[in-house]
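This is a predicted model, so every value here is computed, not measured.
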Amino acid sequence: MSTFEELQEKIDEENVRFIRLTFFDAFGVQKNVAIMPGELRRAVTQGISFDASVITGLEKKGGSDLFLRPNIDTFQYLPWRPIDGKVCRFFCDIYDADGKPYERDCRLMLKNAVKLAEEKGIRVSMGAEMEFYVFKKDENGADTKIPLDYAGYMDVGPSDCGENLRRDICFALVDMGITPESSHHEQGPGQNEIDVRFARPLRAADNTDTVKWAVRCLSDMDGLTADFSPKPVADCPGNGMHINISVEGAGEDDYNPYFMSGILNRIPEITIFTNPLAESYSRFGKNEAPNAICYGFGERESLVRIPADDKARRRIELRSPDPTANPYLIFTLLIYAGLEGVEKHEMYPYEMKDGIIYKDGKAVKDCPVVPKDIEEARKLAKDSDFVKKYVPTEYLNAYLNIKR
């Protein structure tokens, strides 16, 4: 749908009775304002106001009003809501009272990064692989840490009790215009994974948020709890959010090595954003959650894995982020870091082969590693000129002072 009239016709035909306008805080937590269909034209043309003073990262001096304007091309039904009197949602742009795009809107930040890449003749695509645990609730509906099952990696039913849930989630995503690439049981008890197809970065970030939301909603409807935290169970594998990145550009066969090098060079400074919680750091160095800042072809213990694939689908997989990260913010930072690498046109020196680390082709004992804990990650971000250039001060302060 490209016009408001087409959108209005669709809403009338489908008996949409409730509309949710979605935006995000600095941590990528979804927020929303709900309106009735009769308010949609005003929302599109003028915006719906909200109080930004209590939204982390969006706080502003003086008047606290900001305005949401829905992107009509992000229209989605919520399949788990009533069929009779449907509910839909839009991703929104945030504007100041004077009608200017609000610079601390994390979707705008990502749009600006993509625009810069395109100006340099570089096209970036991204996709996320998200892991999560599913726990049972007790007889009072309270959350527990009792896993849904005790199945293992890629097991099948009846030991895998998450098959029906994953199927329902995938069907819901298809109804929302998102194509799941695969889904399966992961290594931990009650742990699952859902992967979605590559997309342009903004769409990929929207998809990442939608997947997490759908998983939580449908799990709750089944009397279960979905947990995306990095280490839900101390002695079991943590939850990762692997980021797949592919880069194309005119005039060169493969920008990926240099884009990857830029990311690896900057990863220590941006780890507070890819891994924002104290427990995030207990994942590293075990259960295929690497801490070695190196790359490797097929190596799952390297921070960047280059999957076995043909040249037509060459990509890199960043394996350190976890699902508590704000996808809009980290996609933004990864693009800027990658562009820096392309500009320098230098190859990152540390490579892993068969579990052995090489520097410029010679075997070495070790290589740089990710921050050992959240305090080190905070200090690296605080002292980083790269972070200060691309992360708003209000965002950085929020991450430096995060409590949970």
Side-chain angles (χ1 to χ4, degrees), residues 1-4 7-8 18-76 88-119 200-206 208-210 213 273 276 325-336 381 386-402:
M1 292 172 289
S2 59
T3 68
F4 178 81
L7 174 62
Q8 187 66 62
F18 208 64
I19 298 170
R20 299 174 70 158
L21 307 181
T22 294
F23 65 106
F24 301 91
D25 72 3
F27 298 114
V29 176
Q30 184 185 150
K31 307 291 184 177
N32 87 121
V33 174
I35 62 173
M36 305 304 286
E39 299 298 319
L40 184 57
R41 182 178 291 275
R42 180 168 68 92
V44 171
T45 57
Q46 302 175 32
I48 300 296
S49 65
F50 70 97
D51 180 5
S53 66
V54 292
I55 305 296
T56 304
L58 301 185
E59 312 95 326
K60 58 196 295 285
K61 296 179 180 179
S64 62
D65 284 346
L66 292 175
F67 294 81
L68 299 173
R69 293 186 191 173
N71 296 149
I72 64 173
D73 60 350
T74 65
F75 171 86
Q76 290 175 319
C88 73
R89 76 99 173 254
F90 297 88
F91 291 101
C92 295
D93 294 326
I94 303 176
Y95 288 82
D96 258 326
D98 59 6
K100 295 180 180 179
Y102 193 55
E103 61 183 8
R104 282 189 268 131
D105 175 4
C106 58
R107 292 184 87 248
L108 176 63
M109 291 159 58
L110 180 52
K111 289 179 184 179
N112 290 338
V114 171
K115 181 180 178 181
L116 179 62
E118 291 175 344
E119 289 173 352
R200 300 304 305 282
L202 184 63
R203 177 65 184 270
D206 288 345
T208 300
D209 169 76
T210 302
W213 191 31
F273 306 108
N326 177 346
Y328 301 95
L329 179 58
I330 65 171
F331 288 5
T332 297
L333 294 174
L334 293 175
I335 290 172
Y336 284 128
F386 177 83
V387 168
K388 292 173 184 175
K389 182 177 181 180
Y390 296 117
V391 178
T393 301
E394 294 82 0
Y395 273 46
L396 178 57
N397 288 339
Y399 279 83
L400 295 179
N401 295 292
I402 188 170

J.: Atom CG in Leu68, atom NZ in Lys31: separation rounded to 0.5 Å?
T.: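 Spacing of CG (Leu68) from NZ (Lys31) equals 12.5 Å.
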J.: Can a donor-acceptor pair be found, under 3.5 Å and without considering hydrogens, that links the side chain of Asp93 to the backbone of Arg69?
T.: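 No, the answer is negative, given that no donor and acceptor are paired below the 3.5 Å cut-off.
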J.: If every non-hydrogen atom of Leu329 is compared with every non-hydrogen atom of Ala26, which pair is closest and at what distance?
T.: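 Closest approach of Leu329 to Ala26, heavy atoms only: CD2-O, 4.3 Å.
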J.: Do NZ/NE/NH1/NH2 and the carboxylate oxygens of Lys111 and Asp105 come within less than 4.0 Å?
T.: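 No, no charged N to carboxylate O under 4.0 Å.
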J.: Under 3.5 Å, is there a donor on one side chain and an acceptor on the other for Thr210 and Arg89?
T.: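 Present: a donor and an acceptor within the cut-off.
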J.: Do side-chain atoms of Asp96 reach the backbone of Gly99 as a donor and acceptor pair under 3.5 angstrom?
T.: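 Such a contact is absent between Asp96 side chain and Gly99 backbone.
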J.: If the condition is side chain to side chain contact (heavy atoms under 4.5 Å, CB included), which residues does Arg104 pass it with, not counting sequence neighbours?
T.: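 Partners of Arg104 by the side chain to side chain contact (heavy atoms under 4.5 Å, CB included) criterion, ordered by chain and then number, come out as Leu58, Glu59, Lys60, Tyr102, Pro392, Glu394, Tyr395.
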J.: So, does Thr22 use its side chain to make a donor-acceptor pair with the main chain of Phe91 at under 3.5 Å?
T.: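 Judged by distance alone, no pair lies under 3.5 Å.
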J.: In Å, rounded to the nearest 0.5 Å, how long is the span from OG1 of Thr3 to CD1 of Ile72?
T.: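 Nearest 0.5 Å value for the OG1-CD1 distance: 6.0 Å.
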J.: Output the distance between atom CZ (Phe23) and atom CG (Leu66), rounded to the nearest 0.5 Å.
T.: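 Answer rounded to 0.5 Å: 8.5 Å.
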J.: Donor-acceptor pair, Asn326 side chain versus Tyr328 backbone, under 3.5 Å?
T.: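 Yes, because the side chain of Asn326 sits within donor-acceptor range (under 3.5 Å) of the backbone of Tyr328.
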J.: Under 30°, 30 to 60°, or over 60°: which ring-plane class applies to Tyr390 and Tyr336, parallel, tilted or perpendicular?
T.: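 The rings of Tyr390 and Tyr336 lie parallel, inter-plane angle below 30°.
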J.: Using side chain to side chain contact (heavy atoms under 4.5 Å, CB included) as the criterion, list what pairs up with Arg200, not counting sequence neighbours.
T.: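 For Arg200, the residues satisfying side chain to side chain contact (heavy atoms under 4.5 Å, CB included) (neighbours in sequence not counted) are Val114, Glu118, Arg123, Ser125.
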